[in-house]
A.B. asks: 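Pasting in a structure now, in structure tokens, and then I'll have a few things to ask.
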Amino acid sequence: QVQLVESGGGLVHPGGSLRLSCAASGSSFSINAMGWFRQAPGKEREFVAHIDWTGHRTYYADSAKGRFTISRDNAKDTVYLQMNSLKPEDTAVYYCVAQLGSSGVYYAHNYDYWGQGTQVTVSS
């Protein structure tokens, strides 16, 4: 089993920045890739970003490209999401995800473990 715990969410003004962290524990040695999804009120959960084990291959949703950066520190079993130039439409609960295999990138069913989520609110 793998446990994922997110932190770093909060309230930020439009144009501001936040950095989310996700610490993995348990059988974290079995993790291949990690990523982030988000879910806004009344909307479907959507893919945000993905990073492979090496940290060299990353994928982003179009809405995140150029503003968000995903990174990982394998020594700390932690993945990060640096979010800049935040917009009100980025308001959502952000979920950290982990993948044991290489089953894909963009869909919720590609991932084996989910964190509890952290709220990000972008508002003036």
Side-chain angles (χ1 to χ4, degrees):
Q1 288 290 323
V2 172
Q3 292 79 44
L4 303 173
V5 178
E6 303 98 334
S7 61
L11 173 65
V12 63
H13 293 307
S17 298
L18 279 176
R19 188 175 84 152
L20 305 183
S21 300
C22 172
S25 61
S27 300
S28 57
F29 59 86
S30 61
I31 294 174
N32 177 30
M34 298 185 74
W36 294 90
F37 278 68
R38 68 185 184 186
Q39 187 167 20
K43 294 189 176 181
E44 296 290 320
R45 196 169 292 191
E46 65 176 4
F47 169 77
V48 177
H50 169 107
I51 187 166
D52 73 349
W53 168 251
T54 68
H56 294 155
R57 185 165 292 184
T58 58
Y59 301 84
Y60 294 94
D62 287 344
S63 59
K65 288 178 183 176
R67 299 188 300 126
F68 295 2
T69 302
I70 189 170
S71 61
R72 66 189 294 172
D73 184 338
N74 289 338
K76 297 181 179 179
D77 289 331
T78 300
V79 66
Y80 305 97
L81 186 68
Q82 177 67 43
M83 304 187 294
N84 299 327
S85 302
L86 283 161
K87 306 174 181 179
E89 51 263 45
D90 294 317
T91 296
V93 177
Y94 283 71
Y95 297 91
C96 177
V97 294
Q99 182 183 80
L100 303 183
S102 301
S103 58
V105 172
Y106 299 106
Y107 301 99
H109 67 254
N110 294 143
Y111 298 88
D112 303 286
Y113 294 99
W114 291 71
Q116 292 299 307
T118 185
Q119 177 70 46
V120 171
T121 303
V122 184
S123 175
S124 56

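Bear in mind that the values here come from a model prediction, so they are computed numbers and not experimental data.
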A.B. asks: Evaluate the side-chain proximity of Tyr113 to Gln1: yes if any heavy-atom separation is below 4.5 Å, no if none is.
C.D. replies: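 Sidechains of Tyr113 and Gln1: in contact.
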A.B. asks: Checking Tyr60 side chain against Ile70 main chain: does a donor-acceptor pair fall under 3.5 Å?
C.D. replies: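 Checking the backbone N and O of Ile70 against the side chain of Tyr60, a donor-acceptor pair under 3.5 Å is found.
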A.B. asks: Is the side chain of Asn32 donor-acceptor paired with the backbone N or O of Gly101 at a distance under 3.5 Å, no angle test?
C.D. replies: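 Yes: the side chain of Asn32 pairs with the backbone of Gly101.
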A.B. asks: As an exercise, state the distance from CG of Asp77 to CZ of Arg72, rounded to the nearest 0.5 Å.
C.D. replies: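 So the gap between those two atoms works out to 8.5 Å.
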A.B. asks: Take atom OH of Tyr106 as the centre, draw a 6.0 Å sphere, and report whether it contains more than 12 heavy atoms from other residues, nucleotides or ligands.
C.D. replies: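 Counting neighbours around OH of Tyr106, more than 12 heavy atoms of other residues, nucleotides or ligands fall under 6.0 Å, so yes.
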A.B. asks: Counting N and O atoms only, with roles assigned by atom type, does the side chain of Thr121 sit under 3.5 Å from a partner on the main chain of Thr91, one being a donor and the other an acceptor?
C.D. replies: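 Flag not set: sc Thr121 to bb Thr91 has no pair under 3.5 Å.
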A.B. asks: Ignoring hydrogens, what is the shortest heavy-atom contact between Ser85 and Ser17? Give both atom names and the distance.
C.D. replies: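 Where Ser85 meets Ser17 most closely, the heavy atoms are N-OG, 4.4 Å.
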A.B. asks: Grab the two heavy atoms, one from Ala33 and one from His50, that are nearest each other, plus how far apart they are.
C.D. replies: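 Scanning both residues completely, I find the closest heavy atoms to be CB-CE1, 3.3 Å.
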A.B. asks: Is the backbone of Gly104 close enough, under 3.5 Å, to the side chain of Gln99 for a donor and an acceptor to pair up by distance?
C.D. replies: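 Yes; at least one donor-acceptor contact below 3.5 Å.
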A.B. asks: Could you check whether any side-chain heavy atom of Leu4 comes within less than 4.5 Å of a side-chain heavy atom of Tyr95, counting everything from C-beta outward?
C.D. replies: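 When only atoms from C-beta onward are counted, Tyr95 and Leu4 do not touch, as no gap falls below 4.5 Å.
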A.B. asks: Which atom pair, heavy atoms only, marks the closest approach of Ser124 to Pro14?
C.D. replies: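 Answer, listing the atom of Ser124 first, then Pro14: N-CD, 3.7 Å.
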A.B. asks: When you compare the side chain of Val79 with that of Trp36, does any pair of heavy atoms fall below 4.5 Å?
C.D. replies: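 When only atoms from C-beta onward are counted, Val79 and Trp36 do touch, with a gap below 4.5 Å.
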A.B. asks: Taking NE2 in His109 as the centre, count heavy atoms belonging to other residues, nucleotides or ligands within less than 6.0 Å. Is the count above 12?
C.D. replies: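 Above 12, so yes.
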A.B. asks: Let me know which of Leu20, Val12, Asp90 forms a side chain to side chain contact (heavy atoms under 4.5 Å, CB included) with Met83.
C.D. replies: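 Considering Leu20, Val12, Asp90, a side chain to side chain contact (heavy atoms under 4.5 Å, CB included) with Met83 is found only for Leu20.
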A.B. asks: With a 4.5 Å cut-off on side-chain heavy-atom distances among I, L, V, M, F, W and Y, is there a chain of contacts connecting Tyr107 to Met34?
C.D. replies: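 Tyr107 and Met34: separate clusters.
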A.B. asks: Do any N or O atoms from the side chain of Arg57 and from the backbone of Asp52 form a donor-acceptor pair under 3.5 angstrom?
C.D. replies: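 Such a contact is absent between Arg57 side chain and Asp52 backbone.
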A.B. asks: For a quick test of reading the model, state the closest non-hydrogen atom pair linking Phe68 to Val48 and the distance between them.
C.D. replies: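 Taking Phe68 first and Val48 second, the nearest heavy atoms are CD2-CG1, 3.8 Å.
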A.B. asks: Ignoring hydrogens and angles, tell me if any N or O in the side chain of Glu6 forms a donor-acceptor pair with the backbone of Gln116 under 3.5 Å.
C.D. replies: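 At least one qualifying donor-acceptor pair exists.
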A.B. asks: Look up atom CZ in Arg38 and atom CD in Gln119, then write down how far apart they are to the nearest 0.5 Å.
C.D. replies: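 Those atoms lie 12.0 Å apart.
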A.B. asks: Examine Tyr94 and Leu18 and state if one hydrophobic cluster contains both, with Ile, Leu, Val, Met, Phe, Trp and Tyr joined whenever side-chain heavy atoms are less than 4.5 Å apart.
C.D. replies: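 Yes, Tyr94 and Leu18 fall within the same hydrophobic cluster.
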A.B. asks: Are any non-hydrogen side-chain atoms of Asp112 and Val2 less than 4.5 angstrom apart?
C.D. replies: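 Side chain of Asp112 against side chain of Val2, heavy atoms only: no contact under 4.5 Å found.
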A.B. asks: Nearest 0.5 Å, what's the NE2-CG distance between His13 and Leu86?
C.D. replies: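 Going from NE2 on His13 over to CG on Leu86, the span is 12.0 Å.
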A.B. asks: What disulfide bond (SG atoms under 2.5 Å apart) pairs are there with at least one residue in residues 81-124, not counting sequence neighbours?
C.D. replies: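 Of all non-adjacent pairs touching residues 81-124, those that pass disulfide bond (SG atoms under 2.5 Å apart) are Cys22-Cys96.
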A.B. asks: Verify the ring-centre separation between Phe37 and Tyr111: is it less than 6.0 angstrom?
C.D. replies: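 Ring centres of Phe37 and Tyr111 closer than 6.0 Å.
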A.B. asks: Write down the atom of Asp73, the atom of Tyr80, and the distance for their closest heavy-atom approach.
C.D. replies: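 For Asp73 and Tyr80, the tightest heavy-atom pair comes out as CB-CE1, 4.1 Å.
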A.B. asks: Counting only heavy atoms not in Glu89 (residues, nucleotides, ligands), do more than 12 fall under 6.0 Å from its CD?
C.D. replies: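 Enclosed: over 12 neighbouring heavy atoms sit under 6.0 Å from CD of Glu89.
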